[in-house]
Amino acid sequence: MGFMNLSQGTTNEKYIIEEIKIDHITKTRLQVLGILKGTKIEILNKRINGSIIIKVRGTRIGINKEISKSIEIRKEEKNENLKPCFYR
C-alpha cells in the first residue's frame, strides 16, 4: 500500500493519516487540532500557493505547504467506514 504526502492528495477525496514527520512543537500543535496518526481527513481545497484546506472531525483547517509535505497519508478504502456486525 503506497503512501503519499498530503500535498499530493486530490480534492474531495478521503484519506487516513499514517505518519507526521515534522518537528516536535509543530507535531504537538497538529495533535491538539486533532491531526494525528489514524485520523480520517478529507481534502476540501488546494490553493495555488500550496496551502491545503482539510476537514478533520467536522472542522475545516488550513495547512501550509511545508507542513502538508510532512504529513503522510493513504487513501481511505471503501469498507473502512463499515463497522463489524456480529450475529448469533
Side-chain angles (χ1 to χ4, degrees):
M1 187 175 294
F3 299 139
M4 64 181 111
N5 64 46
L6 184 58
S7 65
Q8 296 170 322
T10 307
T11 305
N12 297 320
E13 291 287 335
K14 295 182 181 178
Y15 298 93
I16 296 177
I17 296 174
E18 284 299 320
E19 192 169 354
I20 301 172
K21 297 179 177 181
I22 201 162
D23 64 272
H24 180 70
I25 294 171
T26 306
K27 189 173 185 176
T28 302
R29 178 172 273 180
L30 291 173
Q31 289 173 345
V32 168
L33 294 171
I35 302 170
L36 41 107
K37 183 177 179 175
T39 303
K40 294 179 184 181
I41 63 167
E42 180 179 356
I43 297 177
L44 299 177
N45 198 346
K46 294 175 87 172
R47 305 288 178 154
I48 294 172
N49 65 4
S51 63
I52 297 176
I53 309 296
I54 61 173
K55 185 177 182 180
V56 180
R57 298 182 175 142
T59 302
R60 293 173 183 236
I61 298 174
I63 304 288
N64 72 22
K65 184 178 181 179
E66 292 77 28
I67 294 174
S68 69
K69 288 183 176 182
S70 70
I71 300 174
E72 287 188 354
I73 57 173
R74 69 176 166 86
K75 194 166 185 173
E76 179 184 37
E77 300 296 324
K78 299 246 186 255
N79 60 357
E80 287 189 70
N81 282 331
L82 301 177
K83 296 185 179 184
C85 183
F86 299 100
Y87 296 97
R88 292 184 191 219

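Worth knowing before you read on, the calculation uses all heavy atoms, side chains too, and leaves out hydrogens, waters and symmetry mates.
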Taking every non-hydrogen atom, the tightest pair across [X] and [Y]:
{"X": "Arg74", "Y": "Glu18", "value": "NE-OE2, 2.5 Å"}
{"X": "Leu44", "Y": "Arg60", "value": "CD1-CG, 3.7 Å"}
{"X": "Asn5", "Y": "Ser68", "value": "CB-O, 3.8 Å"}

Examine [X] and [Y] and state if one hydrophobic cluster contains both, with Ile, Leu, Val, Met, Phe, Trp and Tyr joined whenever side-chain heavy atoms are less than 4.5 Å apart.
{"X": "Ile54", "Y": "Met4", "answer": "yes"}
{"X": "Ile53", "Y": "Ile73", "answer": "no"}
{"X": "Ile22", "Y": "Ile71", "answer": "yes"}

Can you find a pair of side-chain heavy atoms, one from [X] and one from [Y], that are under 4.5 Å apart?
{"X": "Tyr15", "Y": "Lys75", "value": "yes"}
{"X": "Lys27", "Y": "Leu30", "value": "no"}
{"X": "Lys21", "Y": "Glu72", "value": "yes"}
{"X": "Leu33", "Y": "Thr59", "value": "no"}
{"X": "Leu36", "Y": "Gln31", "value": "yes"}
{"X": "Ile35", "Y": "Ile41", "value": "no"}
{"X": "Leu6", "Y": "Ile43", "value": "yes"}
{"X": "Glu77", "Y": "Ile16", "value": "no"}

At what distance, to the nearest 0.5 angstrom, does OG of Ser70 lie from NZ of Lys65?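 NZ of Lys65 is found 13.5 Å from OG of Ser70.
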I need the Gln8 CD to Lys46 NZ distance, nearest 0.5 Å.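 Rounded to the nearest 0.5 Å, the CD-NZ separation comes out at 8.0 Å.
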Would you check if the side chain of Lys69 reaches a backbone N or O of Ser7 as a donor-acceptor pair within less than 3.5 Å?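 No: the side chain of Lys69 does not pair with the backbone of Ser7.
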